[in-house]
Amino acid sequence: MRIAVTGGAGYIGSHTVLELLDRGYEVIVIDDLSHGYRHNVPPGLLREITLSDTAAVKAALAEKPVDAVIHFAAFISVGESMQRPELYFQNNTCASLSLFTAMLQAGVRKLVFSSTAAVYGMPQSVPIREEFPYAPVNVYGESKVMVEKILDWFDPIHQFKSVCLRYFNASGADPQGRRGEEHQPETHLIPLLFRAIETGEPVKVFGGDYATPDGTCIRDYIHVTDLAQAHLFAVEHLLAGGASEKFNAGTGSGFSVKQMIESVERVTGKKVPYEIGPRRDGDPPELVADSGKLQRVLGWKPRFAQLDEIVRTAWNFERSRVISH
Ligand code: UFG
C-alpha cells in the first residue's frame with residue numbers, strides 16, 4: 001500500500017511517516033518545505049511541491065498508484081491567522097481544494113485530514129463531543145471548518161471518503177528520539193518552557209485568573225506518537241472501506257499550564273522561570289476532548305497517558321538537539 005503524506009516534513013506529519021514506514025507502508029511526502037525540514041524526511045521520499053500546483057501534485061500522485069492521502073500541510077499559528085487571514089484561507093482552504101482536485105484527477109478518493117479543536121471555538125462545556133457545533137473564534141479554525149465542509153460534499157458527490165481528526169494539543173517527541181517538535185517561530189508551551197530553562201528568560205503564562213482550579217488554562221495534551229497512530233488507524237479504516245468520519249483526537253484528560261510547569265520541573269530537575277501575564281486573546285479556559293468515539297470506532301487508545309512521560313520524550317529530544325547543534 002502506498003500513502004502520500006502532505007506536510008510530512010513537519011512535526012506531526014514526520015512522526016506519522018515513521019509510524020507508516022514502521023508498519024511497512026510505502027510513503028511519499030509532498031511538502032514545499034515552507035515550514036517543515038528536509039532532515040525530517042527519509043531519503044528518496046520527498047516531492048518538493050506546493051499544494052496549490054494541482055498539476056504537479058497530480059503528477060506525484062500518478063507516479064505509482066497511491067491508495068490514500070494523509071493531509072497535514074497547513075499554516076498553524078492562530079495569532080498570525082488573525083493578522084493575515086488571506087494566507088490562512090489560501091494555504092489551508094484553497095490549497096486543500098487544489099489537493100483534492102489533484103486526487104480526483106489521479107483517482108485517489110481516500111483522505112485523512114488534520115483538523116483541529118479550534119473548530120469548536122469556546123465550547124459551552126467539556127469534555128467536547130464531535131456533535132458540538134462549529135463555532136471557530138479565529139481564522140485558523142475557520143479555514144479548517146471550510147475544508148471539513150468541502151469534504152462533506154465530496155463524499156456523496158464523488159464517493160470521496162475522509163476521516164477528519166480534530167487535534168487537541170499535540171506534544172512530546174518520538175520515544176526513540178528520531179523526531180521532535182521544531183517550530184519556527186516556536187509558540188507551543190512545552191518547547192517554550194524548555195527554552196525558559198535554557199535561557200533563564202521567564203516564560204509568560206497567559207492568564208492566571210481563569211475559572212479553573214489553579215487559575216491557568218487547561219488543555220488536553222496528546223502525545224505525537226499516539227496522534228500518529230490515530231492517523232494510521234484512520235487510514236486503515238478507509239482502506240478497509242470504512243465510512244467518512246470525524247473524530248476528536250485527544251486523551252480525555254486536561255492539565256493546566258501550572259501543572260505543565262510542575263511536570264517539566266519534575267522531569268528536568270530544573271526550575272522553570274515564569275511570570276503570570278495577561279490572558280491571550282481567543283484562549284478558551286478549558287479544552288478537553290471526549291475521545292470515546294475514536295476509541296470505540298478505531299480501537300485507538302493513548303499509550304502516553306501520564307503527563308511526565310510526554311514531557312520526558314520531549315525533553316530527551318530537546319537535549320539531543322542542543323547537543324547536536
Ligand atoms: N501558553 C502560555 N504561555 C506561552 C504559550 C502558551 O501560557 O508562552 C498556554 C496557552 O495559553 C495555552 C497552553 O499554554 O493555555 C497551550 O498553548 P499552545 O500555544 O501550546 O497551544 P494552544 O492550546 O494555544 O493551541 C493548540 C494548537 C493550535 C490549535 C489550538 C486549538 O497548537 O494549532 O490548540 O485550540 F489551533
>> Checking side-chain polar atoms at under 3.5 Å, does Y88 have a donor or acceptor matched by the opposite partner on E80?
In response: yes
>> Assigning hydrophobic clusters by single linkage (Ile, Leu, Val, Met, Phe, Trp, Tyr; side-chain heavy-atom cutoff under 4.5 Å), is I12 placed with L20?
In response: yes
>> Are L238 and V112 packed together at the side-chain level, in the sense that at least one heavy-atom pair is separated by less than 4.5 angstrom?
In response: yes
> Do K110 and D67 have side chains that get closer than 4.5 Å, going by heavy atoms?
Replying inline: no
>> Looking at F168, is its backbone amide N or carbonyl O close enough to the side chain of R219 to form a donor-acceptor pair, meaning the two atoms are under 3.5 Å apart?
In response: no
>> In the structure I gave you, are the side-chain heavy atoms of H158 and M103 within less than 4.5 Å of one another anywhere?
In response: no
> side chain to side chain donor-acceptor pair (under 3.5 Å) with S96: which of H71, K144, E148?
Replying inline: H71
> Out of F154, F113, W153, which residue meets the ring-ring contact (aromatic ring centres under 6.0 Å, His included) rule with F160?
Replying inline: F154
> Excluding sequence neighbours, so at least two apart, what forms side chain to side chain contact (heavy atoms under 4.5 Å, CB included) with V257?
Replying inline: L189, V205, T216, C217, I261
Listing, residues 223-233 side-chain donor-acceptor contacts under 3.5 Å, not counting sequence neighbours, or none:
| unit_1 | atom_1 | unit_2 | atom_2 | d |
| --- | --- | --- | --- | --- |
| H223 | ND1 | T225 | N | 3.0 |
| H223 | ND1 | T225 | OG1 | 3.4 |
| H223 | NE2 | A173 | O | 3.1 |
| H223 | NE2 | T313 | OG1 | 2.9 |
| D226 | OD1 | R303 | N | 2.9 |
| D226 | OD1 | R303 | NE | 3.1 |
| D226 | OD2 | R303 | N | 3.0 |
| D226 | OD2 | F304 | N | 2.9 |
| H231 | ND1 | L227 | O | 2.7 |
| H231 | NE2 | Y167 | OH | 2.7 |

> Just checking, any donor-acceptor pair under 3.5 angstrom between side chains of S98 and S52?
Replying inline: no
>> Ignoring hydrogens, what is the shortest heavy-atom contact between P136 and V145? Give both atom names and the distance.
In response: CG-CG2, 3.9 Å
> Would a 4.5 Å heavy-atom cut-off, applied to side chains only, mark I276 and K258 as touching?
Replying inline: yes
> salt bridge (Lys or Arg N to Asp or Glu O under 4.0 Å): which pairs involve residues 29-39, sequence neighbours left out?
Replying inline: R38-E48
